[in-house]
Chemist: 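I'd like to ask you about the structure that follows.
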Amino acid sequence: MYFLAFTLSLIFLCISVPIFLVFGIGSSLAAIVGLNLPWSVLIQVSFGALTKHVLIAVPLFIFAGTAMLRGGAATRLVHFATTLVGHWPGGLGIAMVISMGFFAAFCGSILAAITAVGTIMMPKMIEQGYPKPFVVTLAASAALLEALIPPSNAAILFSALTNVPVSQTFAAGMIPGIILLFLMIAVVLFKCSEIKGSEKASGYERAIAGKNAIPALITPGIILGGIYAGLLTPSESAAIAGMWALIMGFVVYRELTFEGLLKCLKETAAITAVIFAIIATATFLSVVLTYTQLPQKIISYFTNLGAGIYFFWFALALICLILGTFIEIVPVFYLTVPIFAAIVVSLNQNLLHLYVVFVAFAGIGMITPPVCVGIYTAAGVIRDDPSRAFKEVPLFVAVGIFYGILMIFLPATATWLPNLLR
Amino acid sequence: MRVLSKLNNFLSKLAYSLAMLIVAIMVMALSLSAITRYISGTGYDWLIELPPILVCWLVFPLLGPILKEGNHIQVDFLSSLVSSNTNKFIKIFTNLTAFIASLVFFKAGFDATMLYFRLGQMMELELDIPIWWMYLSFPVGFVILALFSIEMTIQSIVDAKNPARRET
């Protein structure tokens, strides 16, 4: 029965049945027919997962991100970054990476970050002579910063799955996120050092751009400050970020309209439904894993094999790379993290280290064809054929793998800050 | 088909309106939760407890409309590898699978809701809300998904039979 469920899931996956249905059909077949469980158990567990308080932060951060995009905060941030580094060789590329890093820090949605920053930066870069495929791939890759730089939805999902406090997961992503940001800047400098920068902004222009960007720049401080000072829960800080985004949009920048607000609500609802539909049915799989004791069997297989921790990390890297190539990051989370987390705990490793290594390798899938939603979104922003960007993908994949290996061998990058803030 | 399409358009607007309202409530409830805690010193638990129970009514009713918009996460690589004729049949099969699955999940969700209705359990919250009220979102969502997927199945069959219509 398990083999049939697995084969059916694989077939449905290949013929483009939505992933939430693939999870639902395959797992319920294994649970209902294979394990003789009642439907009520599956549905109860599913609702238990959906109503976890920590997950409420996901739609709220998405709302904050879309409101900041429509309210003018993203424009100010990008303009400020451009006045700071735009005159350097490859300056616009660097400005895009920095803006993406900053916007990611309060946006919570990779695709919103690509759209927000890419809409402003990508046409400018192309105008200045940056090759289109490089611009598209850079935008998609830089958006990976969202998965690490807090507050990220990836961290929230990881916490929901492993019961690690969100504040710890947020802190774990900070230093690896900054390292990735510098790696991205290095790629831009390597590839685009011959492209001249824009005209250097005067001190006055920088000061004005900085002043205009202040309300947006303090947003991460409000979110993270509230959490680490113990004043707000992650969900509350996300809601406050949403309110702050509305204040910025309606009062400070005055670019948000009532129609814009309705669009923000609609986009948030749609993105949330897509993510949570997967969570709802992927938890059916967790029931199957619990009853079949598959994680325990894999752990005992690893133990009998005498495999060390590095064997595990490289197996994880390979699995994430393969799955990430075909499936997006949210389903990969729910498919693998419960098993990986059990193994990591049995090997006396830190779950925060798992989070950083996992995101590093699974995130590469955002830019590897055929399923590379980051590239499709970035190409859509400039109405270009996404397949043209594929030739630039190997460089970024190589950088991503290098970064992932770095994270495997440097667990302190993930654990030092959370320990400090504990 | 036209009636079904009109009904689904109406359901889509209804589901989106409900979902948008829920997002707005979630933002306001949790902001108020933080604010009132600092004003009153204690705050109100129900402001924290409300968003998680509303999220089910945000997610499930939107499954159908998002399916029609083609925005659910799915693996798309096969469509570029096979001929357009094969793609048409795959599309019919995919939509039919969604329809059958949604009927099965509807039945399962309905039975689970009835079970909790009979048990009369209440949520462990400040607000006295019956637990079946939350579970009801599951069958409601999947019956909406069934309506959308049958519309899409019929549409894909019509498209496969009628090349002229497909080109337009």
Side-chain angles (χ1 to χ4, degrees), chain A residues 12-22 24-25 28 32 39-40 42-44 46-47 50-53 55-56 59-60 63 226 231-233 235-240 242-243 246 262 264-266 268-270 272-281 326-328 330-331 369-371 373, chain B residues 15-16 18-24 26-35 37-38 48-49 51-53 55-56 58-63 65-67 69 71-80 90-91 93-94 97-98 101-102 104-105 107-109 111-113 115-116 134-135 138 145:
Chain A
F12 287 150
L13 196 69
C14 290
I15 62 167
S16 303
V17 172
I19 287 178
F20 80 95
L21 283 176
V22 175
I25 297 167
S28 55
I32 306 296
W39 273 105
S40 56
L42 294 186
I43 293 174
Q44 195 177 15
S46 172
F47 273 77
L50 275 186
T51 53
K52 275 191 176 177
H53 197 266
L55 282 178
I56 298 305
L60 299 177
F63 174 74
L231 303 174
L232 302 168
T233 65
S235 308
E236 285 173 347
S237 76
I240 295 288
M243 288 301 239
L246 293 181
L262 290 181
C264 293
L265 290 171
K266 192 174 179 181
T268 305
T272 306
V274 168
I275 296 172
F276 278 52
I278 291 171
I279 296 173
T281 53
F326 297 100
I327 313 175
E328 281 180 41
V330 177
V371 182
V373 69
Chain B
Y16 266 113
L18 177 68
M20 288 158 69
L21 183 69
I22 289 172
V23 173
M26 282 160 69
V27 174
M28 283 191 289
L30 284 167
S31 302
L32 277 175
S33 155
I35 293 164
R37 199 167 57 245
Y38 288 101
I48 299 174
E49 290 164 348
I53 59 171
V55 82
C56 309
L58 185 164
V59 175
F60 292 114
L62 276 182
L63 296 181
I66 292 175
L67 182 80
E69 291 159 12
N71 285 337
H72 276 299
I73 297 176
Q74 59 197 40
V75 175
D76 279 330
F77 76 99
L78 195 66
S79 57
S80 57
I90 289 176
K91 212 168 183 180
F93 186 70
T94 305
T97 306
S102 52
V104 173
F105 289 131
K107 173 76 172 68
D111 290 346
T113 308
L115 174 72
Y116 286 103
M134 188 172 73
Y135 282 83
F138 195 90
L145 181 64

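Every chain is numbered from 1 and lettered A, B, ... according to where its sequence line falls, protein lines coming before strand lines.
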Chemist: Rounded to the nearest 0.5 Å, what's the gap from CG on B:L30 to CD1 on A:I240? Could you check?
Modeler: 9.0 Å
Chemist: Side chain, backbone, both or neither: which part of A:A238 has an atom under 4.5 Å from a heavy atom of chain B?
Modeler: neither
Chemist: What residue in B:G109, B:A108, B:A19 has the most heavy-atom pairs under 4.5 Å with chain A?
Modeler: B:A108
Chemist: Is it the case that the side chains of A:E236 and B:S33 hold a donor-acceptor pair, with the cut-off being a distance below 3.5 Å and no angle test?
Modeler: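 Indeed, the side chains of B:S33 and A:E236 share at least one donor-acceptor pair under 3.5 Å.
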Chemist: Can you tell me how far CD1 of A:I43 sits from CG of B:D111, rounded to the nearest 0.5 angstrom?
Modeler: 8.0 Å
Chemist: Between A:T233, A:L262, A:T272, which shows the greatest number of heavy-atom pairs under 4.5 Å with chain B?
Modeler: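 Between A:T233, A:L262, A:T272, the count favours A:L262.
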Chemist: Please name all residues satisfying ring pair (Phe, Tyr, Trp, His ring centres under 6.0 Å) with A:F20, sequence neighbours left out, ordered by chain then number.
Modeler: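 Listed in chain order: B:H72.
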Chemist: Using a 4.5 angstrom heavy-atom cutoff, name the option from A:A273, A:S235, A:S28 with the most pairs to chain B.
Modeler: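 Looking at each option in turn, the highest pair count goes to A:A273.
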Chemist: Can a donor-acceptor pair be found, under 3.5 Å and without considering hydrogens, that links the side chain of B:R37 to the backbone of A:L232?
Modeler: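 Side chain of B:R37 to backbone of A:L232, a donor-acceptor pair under 3.5 Å: no, none is there.
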Chemist: So for A:S237, is it side chain, backbone, both, or neither that comes closer than 4.5 Å to the heavy atoms of chain B?
Modeler: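 The answer is neither part of A:S237.
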Chemist: Can you tell me how far apart CD1 (B:I90) and CD1 (A:I15) are? Round to the nearest 0.5 Å.
Modeler: 7.0 Å
Chemist: Given heavy-atom pairs under 4.5 angstrom as the criterion, report whether the side chain, backbone, both or neither of A:L231 touches chain B.
Modeler: both
Chemist: Please step through side-chain contact (heavy atoms from CB on, under 4.5 Å) for the pair B:F60 and A:L50, ending with a clear verdict.
Modeler: CA-CA 11 Å; B:F60 292 114; A:L50 275 186; 3.6 Å; yes
Chemist: For residues B:F93 and A:V17, determine if any side-chain heavy atom of one lies less than 4.5 Å from a side-chain heavy atom of the other.
Modeler: no
Chemist: Roughly how far, to the nearest 0.5 Å, is the CD atom of B:Q74 from the CZ atom of A:F12?
Modeler: 14.0 Å
Chemist: Kindly say whether A:A269 contributes a backbone atom to a donor-acceptor pair with the side chain of B:Y16 at under 3.5 angstrom?
Modeler: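 Checking the backbone N and O of A:A269 against the side chain of B:Y16, no donor-acceptor pair under 3.5 Å is found.
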Chemist: If you define the side chain from C-beta out and look only at heavy atoms, does anything of A:I25 sit under 4.5 Å from B:T97?
Modeler: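 Result yes, sub-4.5 Å side-chain heavy-atom pair found.
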Chemist: Contact part of B:V27 toward chain A, heavy-atom cut-off under 4.5 Å: side chain, backbone, both or neither?
Modeler: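 Looking at B:V27, backbone and side chain both touch chain A.
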Chemist: Between A:F47 and B:Y116 (judged by ring centroids, cut-off 6.0 Å), do the two rings come close enough to count as a pair?
Modeler: no
Chemist: So, for B:T94 and A:S16, which heavy atoms are closest and what is the spacing to 0.1 Å?
Modeler: CG2-O, 3.5 Å
Chemist: Between A:P59 and B:M26, is any pair of side-chain heavy atoms under 4.5 Å apart?
Modeler: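 A side-chain contact under 4.5 Å exists here.
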Chemist: Looking only at heavy atoms and a cut-off of under 4.5 Å, which of A:S46, A:G242, A:G24 has the most pairs with chain B?
Modeler: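 Heavy-atom pair counts peak at A:G24.
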Chemist: Would A:T51 and B:C56 count as a side-chain contact (heavy atoms from CB on, under 4.5 Å) if you check the C-alpha gap in whole Å, the side-chain angles of each, and the deciding distance to 0.1 Å?
Modeler: CA-CA 8 Å; A:T51 53; B:C56 309; 3.9 Å; yes
Chemist: I need the B:L67 CG to A:L21 CG distance, nearest 0.5 Å.
Modeler: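 It comes to 7.5 Å.
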Chemist: Look up atom OG1 in A:T268 and atom CG in B:L58, then write down how far apart they are to the nearest 0.5 Å.
Modeler: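 That separation rounds to 9.0 Å.
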Chemist: Using a 3.5 Å distance criterion without hydrogens, assess whether the side chain of A:S40 forms a donor-acceptor pair with backbone atoms of B:L115.
Modeler: no
Chemist: Do the rings of B:F105 and A:W39 sit parallel, tilted or perpendicular, given the 30° and 60° boundaries?
Modeler: perpendicular
Chemist: Is chain A contacted by the side chain of B:L145, its backbone, both, or neither, given a heavy-atom distance below 4.5 Å?
Modeler: side chain
Chemist: Can you say whether B:Y135 sits under 4.5 Å from chain A via the side chain, the backbone, both, or neither, judging by heavy atoms?
Modeler: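 Both parts, backbone and side chain.
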Chemist: Among A:L265, A:V22, A:L13, single out the residue with the greatest number of heavy-atom pairs under 4.5 Å to chain B.
Modeler: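 Most heavy-atom pairs within the cutoff with chain B belong to A:L265.
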Chemist: If you count heavy-atom pairs under 4.5 Å with chain A, which of B:A98, B:A112, B:S31 comes out on top?
Modeler: B:S31
Chemist: Heavy-atom pairs under 4.5 Å with chain A are the metric here; pick the option from B:V59, B:I73, B:L62 that has the most.
Modeler: B:I73
Chemist: By a 4.5 Å heavy-atom criterion (distance strictly below it), what part of A:I278 contacts chain B: side chain, backbone, both, or neither?
Modeler: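 A:I278 touches chain B through side-chain heavy atoms alone.
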